[in-house]
Amino acid sequence: MSDEGYCTTDEAAKPPAAEGPPYAECVLCREPTEYPESYKGITLCPRCEWQEAQRTACSG
């Protein structure tokens with residue numbers, strides 16, 4: 001049995017990084033993110049993004 005593809009991330013689902021201000025607010029902590037304010041959808045700051053990745057990470 002192969003584990004390949006079992007735990008994948010969809011990099012295409014991430015919003016594009018902003019070139020400069022204004023930045024979108026994090027939906028969890030309201031801190032500025034690295035994404036443009038014009039992006040429609042869920043945006044997380046780097047800290048919340050990392051914490052969310054830890055919560056949803058695959059465990060063996």
Looking at R47, Q54, E49, which hits side chain to side chain contact (heavy atoms under 4.5 Å, CB included) with Q51?
R47

Under the side chain to side chain contact (heavy atoms under 4.5 Å, CB included) rule, collect the residues that match up with E52, sequence neighbours excluded.
L44, R55, T56

Any idea which heavy atoms bring T43 and Y39 closest together, and the distance?
CG2-CD2, 3.5 Å

Nearest-0.5 Å distance that lies between atom OH in Y23 and atom OG in S38:
12.5 Å

Please tell me whether L28 and I42 are part of a single hydrophobic cluster in this structure, the criterion being side-chain heavy atoms less than 4.5 Å apart.
yes

Mind checking salt bridge (Lys or Arg N to Asp or Glu O under 4.0 Å) for E25 and listing every partner two or more places apart, or none if nothing turns up?
R30

Which pair of heavy atoms, one from C26 and one from C29, lies closest together, and at what distance?
SG-N, 3.6 Å

